[in-house]
Amino acid sequence: MPELERHSFDVLVIGAGGAGLRAAIEAREHGLRTAVLCKSLFGKAHTVMAEGGIAAAMGNANESDNWQVHFRDTMRGGKFLNNWRMAELHAQEAPQRVWELETYGALFDRTKDGRISQRNFGGHEYPRLAHVGDRTGLELIRTLQQKIVSLQQEDFKEFGDYEERLRVFQEFTVTDLVKDGDRIAGAFGYWRESGRFVLFEAPAVILATGGIGKSFKVTSNSWEYTGDGHALAMRAGASLINMEFIQFHPTGMVWPPSVKGILVTESVRGDGGVLRNSDGKRFMFDYIPEVFKDKYADNEEEADRWYTDQANNRRPPELLPRDEVARAINSEVKAGRGSPHGGVFLDVSTRLPAEEIRKRLPSMHHQFKELADVDITAQPMEVGPTCHYVMGGVEVDPDTGSSSVAGLYAAGEVSGGMHGSNRLGGNSLSDLLVFGRRAGAGAAEYVRALGDRPVVSEEIVTEARATALRPFQTEGGENPYTLHMELQQSMNDLVGIIRRAGEMEEALQRLEKLKERAQSLTVEGHQQFNPGWHLALDLRNMLLVSECVAKAALLRTESRGGHTRDDHPAMDAEWRRKLLVCNVDGDGVSVEEKPQIPIRNDLLDLFERTELEKYLTAEELS
Ligand code: FAD
């Protein structure tokens, strides 16, 4: 057996998206020796794909905007299930994090008078998304990487070694967290290229691994989103919350089949694009829910006037929160009013001059031209819902990002609570920076206060190695690709955008069988770059996390945000008071109810009582 490669750090950050990089910068700035581990190439995290922008109440486009309005919008978007403290911190700190990015070297688009430009997005009362065309995530990652390089240059000056206090390990997959008793002691994993194992010893680990979309067939997510951080956290003893809430973005590409699910940014609608069915009707006016009636225009004239006069008109219903628009599109297609390839039409060509479309939406223009041979300056796009984001994740302390396991932290999409039952567009990039920074600081403080450092036992390492190698030791077993396809199809069909008890029960039965079959996965070849083996290891995580989603979704007998029950179509105020918590139980998961933390009174006072009556119980209101 080759000798195990070992490294020792103070803080390990798993994930190099916006949350991971911001956390790493913070831990390093606290003087701690920090490592960043990522599955793909450095710079190729999901964050880089973010298009529309980063939400922050800077008040540049409308001076009435402030953190209280942003807080209100976020709570409304999440249908009041959000962790209010997270929503408060997020709304208060997002502007500082955007300005800080500029000090790191970011260049946001500007208004005519030189301020950071902000665009409209669904559910945000004012134009609030700071952006760089439709490539905001790229700028965010570029800037954070640049900051990391500048910190490494400082270390070179001081220690003669660029990597003295901040080192990146790319194309490295973590398969297990390791513990010393109840405390985190590090992480175990393998180099994707050589397949060789590595042990990282560290008293604090920050999970920043993103989401779970690859468990669904139609998704905007890339290959990395296999729920690794969610599963690692659970197996280490932490809890997940809100896992029933999955965001189906209303506008993914539907054609050609090879690109089905790829995202069509909400900026298309924010910049004036409208949704039409096969009769040419702007159907969103028929789908404004009762709770939003006073905020959204009920006729085309008012909706169109809003783009030039927001003070005196209500917003177009195309800019309702994502869950509402996704359900509306689903209903139109089901009613036989869909586009030729099973979506609806999204048209910006008749709304903006061609030159303006190319300037504001360059990636979308390129994406449709290259992938679907559609010129969006002259033709409508065909779009439909796609699995995009998971609201659920590791239950964390809002202020420090710590989980219930000592030394384990989480930030970004892998954490839960901030977005409640539905995330508003743009609120993820700001979430990554606000809570990435907080988790970095939280982990640093934890490490500083430690007496003795945890130790990793050899038994744990042997076990982690044996688990990872198991697929090589089974002959004539299941093919991981077949299992993955069946999992994706089941989740898509039975725990997708519209849910029914019978279908979810069937999904759970299928998951049980898939779990059994996964015990005898077989992979060919050896450890050197072996995608079949990598998928076999990822499947372990996807199956665990999918079980959480299906079990929680079956238990929640109401419809709220990213969880729509055909058999329980209404929102139920009693359910707003409950969180569903997932924990590992044997070789599966158990899901239990837990009371939601009541919202602080001064935050409740930010809302009209008539609005609160739509969400809270009579008891809470009294
Ligand atoms: P990611 O950026 O996904 O990073 C996860 C990291 O974890 C990666 O480096 C990955 O390699 C690593 N990783 C995962 N598992 C392991 C493992 N086992 N071992 C080692 N490393 C691992 N949000 C907005 O606010 N505004 C937008 O305009 C916007 N547009 C979007 C457009 C698209 C197409 C998509 C898909 C999402 C968009 N979002 C947007 C959502 C947002 O981009 C994501 O929620 C966010 O980037 C997640 O960031 P993160 O840091 O949590 O994770």
Side-chain angles (χ1 to χ4, degrees), residues 12-24 36-56 94 119 121 128-132 134-138 140-141 144 168-177 187-190 192 200 205-214 219-232 247 249 251-253 261-267 270 322 363 367 386-391 393 410-415 418-419 423-433 435-436 439 534 537-538 540-541:
L12 277 189
V13 180
I14 307 178
L21 296 190
R22 189 60 192 85
V36 179
L37 318 181
C38 55
K39 220 164 154 171
S40 51
L41 288 169
F42 192 47
K44 215 305 285 142
H46 238 90
T47 305
V48 95
M49 292 158 75
E51 294 158 357
I54 168 166
R119 63 160 48 119
F121 243 55
R128 189 176 282 146
L129 268 72
H131 55 93
V132 183
D134 56 2
R135 297 181 179 131
T136 312
L138 176 63
L140 192 140
I141 285 288
L144 293 173
V168 178
F169 295 81
Q170 59 176 344
E171 297 203 284
F172 181 88
T173 303
V174 172
T175 54
D176 276 300
L177 298 178
F188 179 89
Y190 65 92
R192 291 177 67 78
F200 287 87
V205 170
I206 301 174
L207 294 170
T209 48
I212 68 163
K214 274 294 166 192
T219 177
S220 66
N221 292 183
S222 74
W223 65 271
E224 290 153 277
Y225 265 17
T226 50
D228 294 6
H230 290 75
L232 289 170
Q247 181 167 85
H249 193 292
T251 59
M253 291 178 82
I262 289 188
L263 193 76
V264 179
T265 176
E266 194 166 325
S267 321
R322 288 176 177 174
S363 300
Q367 180 174 310
T386 177
C387 173
H388 184 57
Y389 185 90
V390 58
M391 270 66 74
E413 191 168 341
V414 69
S415 66
M418 158 68 207
H419 306 285
R423 173 179 72 89
L424 293 187
N427 269 3
S428 172
L429 294 189
S430 37
D431 164 357
L432 309 181
L433 297 175
F435 295 104
H534 302 169
L537 297 177
D538 292 345
R540 184 178 166 223
N541 301 328

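Counting starts at 1 for both ligands and their atoms, in listed order.
At least one N/O-N/O distance between Tyr225 and ligand 1 falls below 3.5 Å. The distance criterion of under 3.5 Å between nitrogen or oxygen atoms is not met by Ile14 with respect to ligand 1. Remark: ligand 1 and Glu51 share an N or O pair separated by less than 3.5 Å (distance only, no angle test). At under 3.5 Å, not a single nitrogen or oxygen of Cys38, backbone or side chain, sits near a nitrogen or oxygen of ligand 1. Distances between N or O atoms of Gly53 and those of ligand 1 include at least one value under 3.5 Å. For ligand 1, the polar-atom distance check finds no N/O of Ser220 at less than 3.5 Å from any of the ligand's N/O atoms. The shortest N or O to N or O distance between Gly18 and ligand 1 is below 3.5 Å. Remark: ligand 1 and Ala50 share no N or O pair separated by less than 3.5 Å (distance only, no angle test). At a 3.5 angstrom cut-off on N or O pairs, Thr173 does not count as close to ligand 1.
From the protein, the heavy atom lying nearest to atom 16 (C) of ligand 1 is Lys39 CD, 3.5 Å. In this structure, atom 12 (C) of ligand 1 lies nearest to the protein heavy atom Gly15 CA, 3.6 Å. For atom 28 (O) of ligand 1, the nearest protein heavy atom (residue, atom name, distance) is Gly52 N, 2.7 Å. Here the heavy atom of the protein found nearest to atom 37 (C) of ligand 1 is His388 CE1, 3.3 Å. Counting protein heavy atoms only, atom 10 (C) of ligand 1 is closest to Glu224 OE2, 3.1 Å. Distance from atom 36 (C) of ligand 1 to its nearest protein heavy atom, with residue and atom name: His46 CD2, 3.4 Å. Protein heavy atom in closest approach to atom 52 (O) of ligand 1: Glu413 N, 3.0 Å. Atom 46 (C) of ligand 1 has as its closest protein heavy atom Ser428 OG, 3.5 Å.
Using a 4.0 Å cutoff on heavy atoms, Phe172 counts as a contact of ligand 1. Every heavy atom of Lys44 sits 4.0 Å or more from the atoms of ligand 1. Under the 4.0 angstrom criterion for non-hydrogen atoms, Gly425 is not in contact with ligand 1. Ile54 does not count as a contact of ligand 1, since none of its heavy atoms falls under 4.0 Å from the ligand. Within the 4.0 Å heavy-atom shell around ligand 1 one finds Leu432. Judged by the shortest distance from any of its heavy atoms, Ala208 lies inside the 4.0 Å radius around the atoms of ligand 1.
Of the possible donor and acceptor atoms, none in the side chain of Thr47 sits under 3.5 Å from a partner among the backbone N and O of Gly17. Side chain of Glu413 to main chain of Val390: a donor-acceptor pair is present (N/O by atom type, distance under 3.5 Å, no hydrogens or angles). Between the Ser220 side chain and the Thr386 main chain, no donor and acceptor come within less than 3.5 Å of each other.
Salt bridge Asp228/Lys214: absent, no basic N to carboxylate O contact under 4.0 Å.
Taking both residues in full, the closest heavy atoms of Val36 and Ala16 are given as CG1-CB, 3.8 Å, listed atom of the first, atom of the second, then distance. The shortest non-hydrogen separation linking Leu140 to Ile54 is CD1-CD1, 4.2 Å. Residues His249 and Val264 come closest through the heavy atom pair CE1-O, 3.6 Å. Of all non-hydrogen atoms in Ala55 and Ala94, the two that sit nearest each other are O-CB, 3.6 Å. Contact detail for Thr136 and Leu429: the closest heavy-atom pair is CG2-CD1, 4.2 Å. Gly229 approaches Thr209 most closely through the heavy-atom pair CA-OG1, 2.9 Å.
Of all the atoms in ligand 1, the ones that sit under 4.0 Å from a non-hydrogen atom of Asn427 are 25 (O). Within ligand 1, the atoms closer than 4.0 Å to a non-hydrogen atom of Asp228 are 15 (N), 16 (C), 17 (C), 18 (N), numbered from 1 in the order shown. Each of the atoms 51 (O) of ligand 1 lies under 4.0 Å from some heavy atom of Ala19. Residue Ala16 has at least one heavy-atom neighbour below 4.0 Å for each of these atoms of ligand 1: 6 (C), 8 (C), 9 (O). The ligand atoms of ligand 1 that sit less than 4.0 angstrom from a heavy atom of Leu429 are 24 (C), 25 (O), 26 (N). Under a 4.0 Å criterion applied to the non-hydrogen atoms of Ser40, ligand 1 contributes the atoms 11 (O). Remark: ligand 1 atoms within the under-4.0 Å shell around heavy atoms of Gly412 are 52 (O). Heavy-atom contacts of Gly426 reach the following atoms of ligand 1: 24 (C), 25 (O), 26 (N) (cutoff under 4.0 Å).
Both the backbone and the side chain of Thr47 come within 4.0 Å of ligand 1, judged by heavy-atom distances. Residue contacts with ligand 1, taken as heavy atom pairs separated by less than 4.0 Å, involve Arg423 solely via side-chain atoms from C-beta onward. Under 4.0 Å from ligand 1, the heavy atoms of Tyr389 that appear belong solely to its side chain. With a heavy-atom cut-off of 4.0 Å, Val174 touches ligand 1 through backbone and side chain alike. Of all the heavy atoms of Glu266, none lies under 4.0 Å from any atom of ligand 1, so neither backbone nor side chain is involved. Contacts with ligand 1 closer than 4.0 Å are made by side-chain heavy atoms of Leu263 only, the backbone lying farther away. For Val414, no heavy-atom contact with ligand 1 is shorter than 4.0 Å.
The shortest side-chain heavy-atom distance between His131 and Ser267 does not fall under the 4.5 Å cut-off. Between Leu138 and Val132 there is no side-chain heavy-atom pair separated by less than 4.5 Å. Looking at Gln170 and Lys44, their side chains never come closer than 4.5 Å, going by heavy atoms from C-beta outward. Within the 4.5 Å cutoff, side-chain heavy atoms of Tyr389 are placed close to those of Ser428. Counting heavy atoms from C-beta on, the side chains of Phe169 and Val174 never come closer than 4.5 Å. Looking only at side-chain heavy atoms (C-beta outward), Asp431 and Arg423 stay at 4.5 Å or farther from each other.
Under the side chain to side chain contact (heavy atoms under 4.5 Å, CB included) rule, Leu263 has a single partner from Gln367, Met253, Glu51, Met49, which is Glu51.
The closest side-chain donor-acceptor pair between Asp134 and Ser363 falls under 3.5 angstrom.
Atom OG of residue Ser415 and atom CE of residue Met391 lie 12.5 Å apart, to the nearest 0.5 angstrom. To the nearest 0.5 Å, atom NZ of residue Lys39 and atom CD of residue Glu224 are 7.0 Å apart.
In terms of the ring-ring contact (aromatic ring centres under 6.0 Å, His included) criterion, residue partners of Phe172 (sequence neighbours excluded) are, by chain and number, Trp191, Phe200.
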